[in-house]
Amino acid sequence: MSIDSYIEAVDQIDSYKRYGKIKRVVGLMIESIGPAVSIGNVCYIHPSKGSKIAAEVVGFNDENVLLMPYSQISEIGPGSLVEATDKPLTIKVGKRLVGKVIDALGQPLDHSKLPLGLINVNTEQMPPNPLDRPRIVEPIELGVKTIDSLLTVGKGQRVGIFAGSGVGKSTLLGMIARNSEADINVIALIGERGREVREFIEKDLGDEGLKRSIVVVATSDQPALMRIKGAYTATAISEYFRDLGYNVNLMMDSVTRIAMAQREVGLATGEPPTTKGYPPSVFAVLPKLLERTGTSNFGTITAFYTVLVDGDDLNDPIADTTRGILDGHFVLDRKLAEQGQFPAINVLKSISRVMPQITTDQEQKLANDLRYHLSTYEENYELIQIGAYKRGTSKAIDEAIQLQPQIISFLKQDINEKCSRDQALQLMKEVLYGGNAND
Ligand SMILES: Nc1ncnc2c1ncn2[C@@H]1O[C@H](COP(=O)(O)OP(=O)(O)OP(=O)(O)O)[C@@H](O)[C@H]1O
Ligand SMILES: [Mg+2]
C-alpha cells in the first residue's frame with residue numbers, strides 16, 4: 001500500500017466525538033438536540049445502563065435530529081447521550097457467508113461469530129446506470145415446470161409473486177432455491193412470524209438449499225427500521241456477488257411487509273398518509289429498492305419479490321406499484337390451491353414480460369398453444385360443467401376438454417420433484433401433440 005492510502009485513511013477518521021442529547025421519545029421516534037449529522041447516518045445512544053443502542057437518522061424537526069433505533073429501546077431517558085458516527089449502515093459480506101442465516105445488520109442469527117475475511121459494504125446503494133445494464137438475453141432454469149415452460153424467466157429478470165396467505169409462496173421459493181441453476185441464493189424473510197423462519201429453513205429450503213444460500217431474517221417483532229434494513233442488506237449482499245460475476249437469485253418475502261414497515265417509519269416522522277394509509281415515501285422507496293436488482297456489466301440478480309394480496313385483490317396500492325416496476329408477475333391462486341393444484345400458479349393471469357426475447361419461436365408456440373387450450377376451457381367452464389355444451393359443436397372446445405386432464409397433471413409438481421427446462425418442454429410437447437411430438 002502506498003503512503004497516500006494511509007494519508008487518506010487518516011483523513012477519513014473522525015478525530016473527535018460529537019454528541020447530542022435526547023430531548024423526547026414518542027413511540028418509535030427519538031428526538032435529540034444535536035449532534036451534527038446527516039440523513040442515513042448511524043448514531044449510538046448511550047443508555048443509563050447496558051450497552052449502546054444503534055439508531056439511524058431518519059429526519060429533522062427544526063434544529064432537532066429524528067432518530068429511529070435498530071433494536072428495542074430501554075433505559076434511555078431525557079439527557080441520554082447520542083454519539084454521531086458520520087457513516088451509513090454497513091454490513092460484512094464475503095463468500096464465507098454462504099450457508100449462514102443472518103439478521104438485518106449482518107450478524108449471525110445463532111449468535112456465532114462471523115467468519116474472517118469479510119469486507120464492509122454499504123447497505124444502501126444506487127441502482128446501476130440504465131445504460132450499464134445489458135439486456136436480458138438468456139433464460140435461467142428454475143426447475144419448476146410451469147415457470148420454465150410457460151413463464152420463462154431470464155437471467156436478471158425481476159418478478160413479483162402475488163398471492164394471499166397460505167397458497168404456497170414459501171414452498172415455491174424453496175423449490176426455486178433448491179432446483180435453480182443460479183450460483184447462489186440470497187433469501188430475505190421480512191416480517192414473518194418467528195415460527196415460520198425455522199419452518200422455512202428446515203422444511204422448504206432444507207440442507208441442500210441452505211448450502212447454496214444466505215438467509216437474511218427480520219421477523220415481525222423487530223423494529224420497523226430493522227425490517228426495512230433486512231431488505232437493503234439482502235439486496236446489498238446480492239449486489240456484492242453480482243459484482244463478482246455471479247448469477248444470483250434474490251428472493252424477498254415479502255415486499256408488502258417492507259412497505260408496511262416503511263409506512264410505520266413515514267407516519268412516525270410526520271409524513272401525511274395517502275392511499276390506504278401509505279405515506280408518499282413508500283412509493284419512493286419501492287422503486288429505489290427494486291431497481292437495484294437485475295443485470296449489470298458483471299453479473300445478474302434474478303429477483304423474486306412476493307407481494308401479499310388481501311382477499312386476492314390485485315389492485316392494492318403496493319401490488320399495483322410493484323407490478324408496474326417489475327418485469328413480470330406470477331399470480332398464485334387460492335382456488336387452484338384449494339383444488340390441490342400445486343404450485344398454484346394461475347398461468348392465464350401471470351406473465352413474464354421478457355419471455356418473448358429469451359425463448360425460441362417454437363417454445364413460444366408451445367406456450368401459446370397450451371394457454372389457448374387453458375383459456376378455451378376456462379371460458380366455457382360453466383357450460384361444460386352443467387352439461388350444456390354438446391360435443392362436436394366446436395373443435396377448439398372439444399380439444400380443450402380432451403386435453404384438460406393432461407394439462408393439469410403437467411402443471412402439477414410435487415415439492416421434491418425436479419424437472420429440467422428441457423424435460424418440461426418435452427413433456428409439454430407430448431401433452432399437446434401426443435405421440436406426434438414434431439408437430
Ligand atoms: N408443490 C406443492 N405440492 C404439495 N403441496 C404444496 C405445494 N406447495 C404448497 N403446498 C401446500 O400448501 C401449504 C401452504 O404452503 P406455504 O406455507 O408455502 O404457503 P405460504 O403462501 O408461504 O403461506 P403463508 O402466507 O402462511 O406464509 C403447505 O403446507 C403445503 O402443504
Ligand atoms: Mg410463507
Side-chain angles (χ1 to χ4, degrees), residues 101 141-151 153 159-180 185-206 208-210 213 215-222 227 230-231 234 249-261 303-314 316 318-319 322 329-347 349-350 407-420 423-424 427:
V101 181
E141 179 176 295
L142 298 175
V144 177
K145 276 188 283 183
T146 312
I147 301 180
D148 281 338
S149 59
L150 292 156
L151 299 160
V153 173
V159 181
I161 297 178
F162 293 75
S165 57
V167 288
K169 293 181 298 297
S170 304
T171 314
L172 181 63
L173 291 184
M175 281 169 85
I176 295 176
R178 278 181 281 118
N179 298 350
S180 94
N185 301 299
V186 180
I187 304 169
L189 303 178
I190 310 293
E192 299 252 335
R193 287 152 283 184
R195 171 185 63 78
E196 287 176 311
V197 171
R198 217 161 146 183
E199 203 174 286
F200 177 80
I201 293 169
E202 287 174 8
K203 187 173 123 267
D204 297 323
L205 197 56
E208 188 194 346
L210 186 59
S213 308
V215 185
V216 182
V217 176
T219 43
S220 57
D221 55 311
Q222 303 227 318
R227 281 175 270 144
N249 258 356
L250 170 67
M251 296 176 219
M252 207 169 272
D253 190 11
S254 73
V255 172
T256 309
R257 299 226 172 92
I258 299 165
M260 286 174 175
F304 300 89
Y305 296 99
T306 69
V307 180
L308 301 170
V309 280
D310 268 349
D312 298 326
D313 165 23
L314 290 178
D316 160 272
I318 301 304
T322 37
H329 56 268
F330 299 170
V331 177
L332 300 190
D333 201 324
R334 186 174 302 281
K335 213 172 72 200
L336 298 180
E338 281 165 0
Q339 291 165 359
Q341 184 184 324
F342 284 112
I345 302 171
N346 186 323
V347 175
K349 285 190 188 154
S350 307
I407 291 179
I408 297 302
S409 78
F410 167 74
L411 296 177
K412 283 187 186 173
Q413 186 167 348
D414 275 346
I415 299 173
N416 292 314
E417 182 186 334
K418 276 196 176 165
C419 184
S420 71
Q423 281 170 331
L427 266 174

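When a ligand or atom number is given, it counts from 1 through the structure's own listing order.
For ligand 1, the polar-atom distance check finds an N/O of Gln413 within less than 3.5 Å of one of the ligand's N/O atoms. Between Thr171 and ligand 1, at least one pair of N/O atoms sits closer than 3.5 Å. Ligand 1 has no N or O atom lying under 3.5 Å from any N or O atom of Met175, backbone or side chain. Checking only distances, Ser170 does come within under 3.5 Å of ligand 1, N or O to N or O. Between Leu172 and ligand 1, no N or O atom pair is found at a separation short of 3.5 Å. Ligand 1 has a nitrogen or oxygen under 3.5 angstrom from a nitrogen or oxygen of Lys169.
Formation of a donor-acceptor pair under 3.5 Å by the Arg178 side chain with backbone atoms of Asp204 is found in this model. Judged purely by atom type and a 3.5 angstrom limit, Lys169 has no side-chain atom pairing as donor or acceptor with the backbone of Ile161. With hydrogens and angles disregarded, no donor-acceptor distance shorter than 3.5 Å links the side chain of Arg334 to the backbone of Val167. Although no hydrogens or angles enter the test, the distance criterion places no donor-acceptor pair under 3.5 Å between the side chain of Asp316 and the main chain of Val309. Without hydrogens or angle criteria, Thr146 side chain to Leu411 main chain gives a donor-acceptor distance under 3.5 Å. One N or O on the side chain of Gln413 and one on the backbone of Glu417 form a donor-acceptor pair closer than 3.5 Å.
When non-hydrogen atoms are compared, ligand 1 lies under 4.0 Å from the side chain of Arg193 (C-beta onward) but not from its backbone.
Taking every non-hydrogen atom of Ser165 and a distance limit under 4.0 Å, the qualifying atoms of ligand 1 come out as 25 (O).
For Ser165, every N, O or S atom stays at 2.8 Å or more from the Mg ion (ligand 2).
Between the choices Pro343, Ala163, Gly166, the shortest heavy-atom distance to atom 24 (P) of ligand 1 belongs to Gly166.
Note that OG1 of Thr322 and CD1 of Ile258 are 10.5 Å apart. Values are rounded to the nearest 0.5 Å. Considering CZ of Phe330 and CG of Asn346, their distance stands at 12.5 Å, rounded to 0.5 Å. Rounding to the nearest 0.5 Å gives a distance of 11.0 Å between CG of Leu332 and NZ of Lys349. We find the NZ-CE distance between Lys418 and Met175 to be 11.0 Å, quoted to the nearest 0.5 Å.
For atom 11 (C) of ligand 1, the closest non-hydrogen atom on the protein side is Phe342 CZ, 3.6 Å. Closest protein heavy atom to atom 27 (O) of ligand 1: Glu196 OE2, 3.4 Å. The nearest protein atom to atom 29 (O) of ligand 1, hydrogens excluded, is given as Lys203 NZ, 4.6 Å; this is a heavy-atom distance. If you check which protein heavy atom lies closest to atom 19 (O) of ligand 1, you get Gly168 N, 2.9 Å.
Distance screen at 4.0 Å: atom 9 (C) of ligand 1 has a protein heavy-atom neighbour inside the cut-off.
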